[in-house]
Amino acid sequence: MRYSKMFAPTLREVPAEAEIVSHKLMLRSGMMRKVASGIYTYLPLGWRTLEKISDIIREEMDRSGAEELMFPIVQPAELWQKSGRWEVYGDELWRVKDRHGRDFCLGPTHEEVITSLIAGEVKSHKQLPIMLYQIQNKYRDERRPRFGLMRGREFVMKDCYSFDRDDDGLDVSYHIMYDAYTRIFKRCGLDFRPVEADNGAIGGSSSHEFMVLADSGEAEILYCDKCDYAANTEIAQTADKPIKSQEPMGEVEKVLTPNCATIDDVADFLGFDTKKTMKALCYTADNEVVAIFIRGDRRLNEIKVQNYLGAVTFYMSTEEELAAAGLVKGYIGPIDQKIKVLVDEEVVAGRNLCCGANDKGYHLINVNYDRDFTGEIGQFRIVEAGESCPHCDGTLRSARGIEVGQVFKLGTKYSISMEANYLDENGKSNPMVMGCYGIGVGRTMAAAIEQNYDDDGIVWPLAIAPYQIIIVPVSEKSETQMAAAEKLYEDLTAAGYEVIFDDRSERAGVKFKDADLIGIPLRITIGDKSLAKGNLEYKIRRGGKSGVISVDNALTEIAEIMKEIK
RNA sequence: CGGGACGUAGCGCAGUUUGGUAGCGCACCUGAUUUGGGAUCAGGAGGCCGCAGGUUCAAAUCCUGUCGUCCCGACCA
């Protein structure tokens, strides 16, 4: 590609809208432009990288025995009503009407449409297993789109679905996909980690998220410093069991704590350590208000609570709901509580704790589980870095990650609701057992930049660089330089490399800056001084290693250099 | 959805407090001199000051509304 013909509008300054590195650099390097919040145009350079990633995904999906197909973006409401998600999905489902007033949605994912397809076409155990995938735009009407391609409302996703006759079959499909994902992200040059993840409302029994480690990541993960245990903090476990306090129990006492609505206020006012307090968090789970008590210094793990309750709808109770349940905000306690009470194991193990008195302005001290109150016990707090690994004697460390992919055992949730059944050898009808597997393609691209950049711009991993080599003649006025560049361009292109020939009439500095900004892995510079000696210069973008190669042997020597580039 | 900020040329911004000819840097066009890490000089083009009302002799500036964008939080399959 000749740079003079390329549509790659680079920017010297960062548009004010961009906050994180990948977003800034994608705008600056002319890879994308915003059309509306969370909706972007991919310019040629960005599209090339997106397609490179897509191609890697395709190769590994095909190698795994999955077949590519294409579903529609627009899906009729009936399909979603059948699965029950038309109601459950909420405002994130992008609903549209046609001219007749019929309801449709823009697909945020495709379980409904594929399960309905398979239900109609597949009837026999002989046709299973089946694995199908597509790479296509997805639509989620996010409340707050963020960080460029990290969280868009329209985004490119690879989604794959497996259909097996039983759980054993699903296990096989799941592991095939897990391995394929590992190969894909490795080939994209990413430093990533598969972590155990929440199954969420989608249902199912097992799930892993593939996290690219980066400080800008939205997800928090905990990983063991000894074994390979790693989990999203949402579901992370610890082997640590709270030690039962041997402190003798004191008498419960009601104390005045005016204007102490938060746990820090109360602890300060009474001179208590927050570890000696418990706090109440009230959630409405399927229309029932539930109080969860955890130690004052801990964070509540909403997902653990929701999963424990098996609730479909789950949110922090509103003031009205609290009042209706007879609760006094800021002073909620577990004693004589009428509503359902969940108690974290640390609260159970503690002694002489402080809690709300269910009376505005008052707290109770010397409160103890069993003697003074009861409730359902569990681990409802968020596990913190520093606690013990649940699998070995290692310690959990925390890191941030960008979720670029997820593999999921769906089980029969959709095959039952969408009636995807097959007949086994005995003529008995069974629901198919499903798995689903997603990769955010644009997010993978953004994550790759988050891990590969420097002050000058992007440092693309070779496998996903839009072009591999850029040829920069120092001056386009020099006929010898241009002739040498032209020949090298033709030779390299003929040899199968993807090459940019910077034939613009710009000063050398501008061309160097642009080459660095757009992150091309290898630069070949053609200047009079070295050309006079029969040489070309090269510079590797990552690490900045440079040197000379001979004009006569250029192809062979470049092939050698390319082997060094990751 | 709650809180905060912002909308002025393609990009980055000043001007708004105190109403009175719309500015700067980069990018862009012409020419000259330059030419190995974002050149210099001279000349030039480009703006419905987000939009709609209102106040006023006069509004980028004050008031009301509205649309859009970003950040924090909440939410998130």
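Within every chain, numbering begins at 1; the chains are lettered A, B, ... in the order of the sequence lines, protein sequences first and strands thereafter. What you see is a predicted model; the values in this text were computed from it and never measured.
Taking the charged nitrogens against the carboxylate oxygens, A:Arg2 and A:Glu486 do have a contact shorter than 4.0 Å, which makes a salt bridge.
Searching all strands for a Watson-Crick or G-U wobble partner of B:C1 with both distances below 3.5 Å returns B:G73. As the counterpart of B:G38, no nucleotide is assigned, since no Watson-Crick or G-U wobble pattern has both distances under 3.5 Å. Nucleotide B:G25: paired with B:C11 (Watson-Crick or G-U wobble, both distances less than 3.5 Å). With both pairing distances under 3.5 Å, B:G65 is matched to B:C51 as a Watson-Crick or G-U wobble pair.
Each of B:G36, B:C75, B:U34 was ranked by its minimum atom distance to the side chain of A:Ser530; first place goes to B:G36. In this structure, the nucleotide among B:G36, B:G38, B:C76 sitting nearest to the side chain of A:Arg12 is B:G38. Of the candidate nucleotides B:G25, B:G37, B:C28, B:C28 has the atom lying nearest to any side-chain atom of A:Glu506. Distance from the side chain of A:Arg144 is smallest for B:A74 among the nucleotides B:G36, B:G25, B:A74. For A:Glu17, taking side-chain heavy atoms from C-beta onward, the closest of the listed nucleotides B:G36, B:U69, B:G37 is B:U69. Among the nucleotides B:C11, B:G36, B:U34, the one closest to the side chain of A:Lys477 is B:U34. Listed nucleotides: B:U69, B:U35, B:G37. Nearest to the side chain of A:Lys34: B:U69.
Nearest-nucleotide positions on RNA chain B place A:Ala16 closer to the 5' end than the other of A:Thr10 and A:Ala16. Mapping A:Val35 and A:Glu234 onto RNA chain B by nearest heavy atom places A:Val35 at the nucleotide closer to the 5' end.
Here B:U69 presents its P atom at 16 Å from CZ of A:Arg146, a figure rounded to the nearest Å. Going from atom CD1 of A:Ile303 over to atom P of B:C75 covers 10 Å, rounded to whole Å. Look at CZ on A:Phe147: it is 4 Å from P on B:C72, rounded to the nearest Å. Taking atom CD on A:Gln481 and atom P on B:U35, their separation rounds to 13 Å, with Å as the unit.
Side-chain N/O atoms of A:Asp528 and base N/O atoms of B:G36 include no donor-acceptor pair closer than 3.5 Å. At a cut-off of 3.5 angstrom, counting only N and O atoms as typed in the model, there is no donor on one side facing an acceptor on the other between the side-chain of A:Arg28 and the base of B:G12. Contact of A:Asp514 with B:G38 (side chain to base): a donor-acceptor pair of N or O atoms is detected under 3.5 Å.
Side chain of A:Tyr139 to backbone of A:Ile73: no donor-acceptor contact under 3.5 angstrom is found.
Counting any heavy atom pair closer than 4.0 Å across all strands shown, A:Ala36 reaches sugar-phosphate atoms only and no base atom. A:Asp91 comes within 4.0 angstrom of nothing in the nucleic acid, heavy atoms only. Nucleic acid contact for A:Lys138: none, since no nucleic acid atom lies under 4.0 Å from a heavy atom of the residue. Within 4.0 Å (heavy atoms only), A:Val14 reaches sugar-phosphate atoms of the nucleic acid but no base atom. Heavy atoms of A:Glu218 sit nowhere under 4.0 angstrom from any nucleic acid atom.
The side chain to side chain contact (heavy atoms under 4.5 Å, CB included) test applied to A:Gln81 returns A:Ala77, A:Glu78, A:Trp86, A:Glu87, not counting sequence neighbours.
A donor atom on one side chain and an acceptor atom on the other are not found under 3.5 Å apart for A:Glu537 and A:Ser546.
Within a 6.0 Å sphere centred on CZ of A:Phe314, other residues, nucleotides and ligands contribute more than 12 heavy atoms.
One finds no side-chain N or O of A:Ser37 lying less than 4.0 angstrom from the OP1 or OP2 phosphate oxygen of B:G68. For the pair A:Arg143 and B:C75, the criterion of a side-chain N or O lying under 4.0 Å from OP1 or OP2 is not met.
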Steps toward side-chain hydrogen bond (donor to acceptor under 3.5 Å, both in side chains) verdict (A:Asn301, A:Glu234): CA-CA 7 Å; A:Asn301 189 321; A:Glu234 287 174 347; over 6 Å; no
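Atom P of B:U8 sits at a distance of 11 Å from the matching atom of B:A14, rounded to the whole Å.
Annotation: cation-pi pair A:Arg523/A:Phe512 present, NZ/CZ under 6.0 Å from the ring centroid and within 45° of its normal.
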